[in-house]
Amino acid sequence: MRTFDPECLRALVAVAHSGSLSAAAQRLYRSQSAVSEQIRKLELACSATLFLRSKRGAELTPAGRKLLGHAQEILDAHERAVRSMQGVDLAGSLSIAVTDYFHPSGIAALLRRLRTSHPRLQLHVAVRKSASIEDEADDEAYDIGLSMRILERGATRRTPSGVQRVALFREPMAWVADPSLRIAAGGAVPLVVLPASCAVHRFVARALAARGIEHYVAHRASGVAGLQLAIGAGLGLSCLNASALPAGLRPLRSIAGMRLPSLPQVEFAMLVPPAARSTLVDEVVPMLAQVLRAAVPAPADAADGGVERPAGQAHAS
């Protein structure tokens, strides 16, 4: 009977989430050849190809996607067993404030896995704006916050004294629009944004104004899910972090013959207010940091700076 080595399954999850063997090797603190060998062992055990490799990275095949679901369940069960035998049982109640921009398509599944892995740990999750999460970090509004900062050149924002800040990862931002969007050459660009209190909204307005690109707010969504729907409906141009880009859309460099401003990266981090520090929080933070870092897939297109579009269209063919 063939069995799966948990370390090989861990390599599968890392490659799937990071998008390449080299990135997975860095996450696992192993050589790329070692990770490649682990994937090869899994493919032999499955008698199937699990990844399609190209210059752009590694993409799961249907067999790979099928095994990925089983792999996560096996690794979760493995972690529960280890914690049980070691006498480590995370139990208690924590309030978590999460930015809407964090991996919108995967956050629900991630929370479900956490509940399955730690049934006695009650997480009370509230989706909030990063600005409020940052501003209330020295209050008692939550136990752990997950926020996103725009790493804008020249901008400084200090973490309040006593607040523990755990940097998770950085990723690029990207301009994005649906192929159905049409803009006349030289015409004003319709924007799809969140309310004016959103830092990304304010950044977009400044960046376009600095480039001399005329624009107007065509649709104001209340959250990132609504923003994605509006983008998909072709209502306008928007700016999102790489892991929040709607499926099937690639980043843009220009629109209607106008070169779009270059964009900085964003950084996701966990914040722990001083009043929230406890034994439970100290145990949960490193576990949660590992889970959150592994949950976000590497951007497939944002790293290359996007693609050009001819005038009159808003997305690459």
Side-chain angles (χ1 to χ4, degrees), residues 19 56-57 59 99-107 129-130 148-152 170-266 268 296-317:
R56 293 175 58 186
E59 181 180 355
T99 173
D100 207 8
Y101 285 99
F102 179 81
H103 195 21
S105 64
I107 185 66
K129 291 182 174 61
S130 287
M148 182 186 82
R149 281 185 181 180
I150 301 174
L151 302 178
E152 193 174 356
R170 295 180 177 185
E171 65 179 6
M173 300 176 75
W175 298 104
V176 63
D178 190 79
S180 62
L181 177 63
R182 295 292 183 269
I183 303 171
V189 176
L191 297 181
V192 174
V193 293
L194 295 186
S197 57
C198 172
V200 176
H201 179 155
R202 298 195 299 273
F203 170 80
V204 165
R206 290 197 307 271
L208 293 177
R211 182 57 65 89
I213 297 177
E214 187 179 353
H215 58 278
Y216 66 96
V217 175
H219 183 88
R220 185 178 284 108
S222 60
V224 171
L227 195 72
Q228 293 173 326
L229 289 174
I231 295 169
L235 297 185
L237 173 74
S238 193
C239 177
L240 284 170
N241 52 301
S243 60
L245 293 180
L249 298 187
R250 298 178 61 194
L252 308 176
R253 290 198 190 105
S254 63
I255 189 167
M258 295 176 284
R259 183 79 176 184
L260 292 167
S262 59
L263 296 170
Q265 289 189 317
V266 296
F268 286 91
V296 177
D301 297 310
D304 67 6
V307 293
E308 297 278 357
R309 286 220 73 181
Q313 299 181 8
H315 191 265
S317 57

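Both backbone and side-chain heavy atoms feed into the values below; hydrogens, waters and symmetry mates do not.
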Give, for atom [atom1] of [X] and atom [atom2] of [Y], the distance between the pair rounded to the nearest 0.5 Å.
| X | Y | atom1 | atom2 | result |
| --- | --- | --- | --- | --- |
| Leu237 | Leu260 | CG | CG | 6.0 Å |
| Ser243 | Phe102 | OG | CZ | 7.0 Å |
| Arg253 | Leu263 | CZ | CG | 12.0 Å |
| Arg202 | Glu152 | CZ | CD | 10.0 Å |
| Ile255 | Ile213 | CD1 | CD1 | 8.5 Å |
| Arg259 | Leu252 | CZ | CG | 11.0 Å |

Just so I know, are the side chains of [X] and [Y] near enough to count as touching, which here means a heavy-atom distance under 4.5 Å?
| X | Y | result |
| --- | --- | --- |
| Met173 | Val200 | yes |
| Tyr101 | Val266 | no |
| Leu245 | Pro251 | yes |
| Pro179 | Leu249 | yes |

Determine the sole option in Leu235, Val217, Ile183 for which the side-chain contact (heavy atoms from CB on, under 4.5 Å) test with Pro190 is passed.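 The side-chain contact (heavy atoms from CB on, under 4.5 Å) with Pro190 is passed solely by Ile183 among Leu235, Val217, Ile183.
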Is there a side-chain contact (heavy atoms from CB on, under 4.5 Å) between Leu227 and Asp100? Walk through the geometry before answering. CA-CA 11 Å; Leu227 195 72; Asp100 207 8; over 6 Å; no
Under 3.5 Å, is there a donor-acceptor pair between the side chain of His215 and the main chain of Val189?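 The answer is no, because no donor-acceptor pair under 3.5 Å joins these two groups.
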Donor-acceptor check, side chain of Ser238 to backbone of Val192, threshold 3.5 angstrom: yes or no?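 Answer holds: yes.
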Considering non-hydrogen atoms only, spot the tightest contact between Pro195 and Ala221 and give its length.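 Smallest interatomic distance, heavy atoms only, reads CD-O, 3.1 Å.
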Ignoring hydrogens, what is the shortest heavy-atom contact between Leu181 and Gly236? Give both atom names and the distance.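 That closest heavy-atom pairing would be CD2-C, 3.7 Å.
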When you look at CD of Gln265, are more than 12 heavy atoms from neighbouring residues, nucleotides or ligands closer to it than 6.0 Å?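 Count over threshold, so yes.
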Can you check side-chain contact (heavy atoms from CB on, under 4.5 Å) on Arg211 and Met258, steps first, answer last? CA-CA 9 Å; Arg211 182 57 65 89; Met258 295 176 284; over 6 Å; no
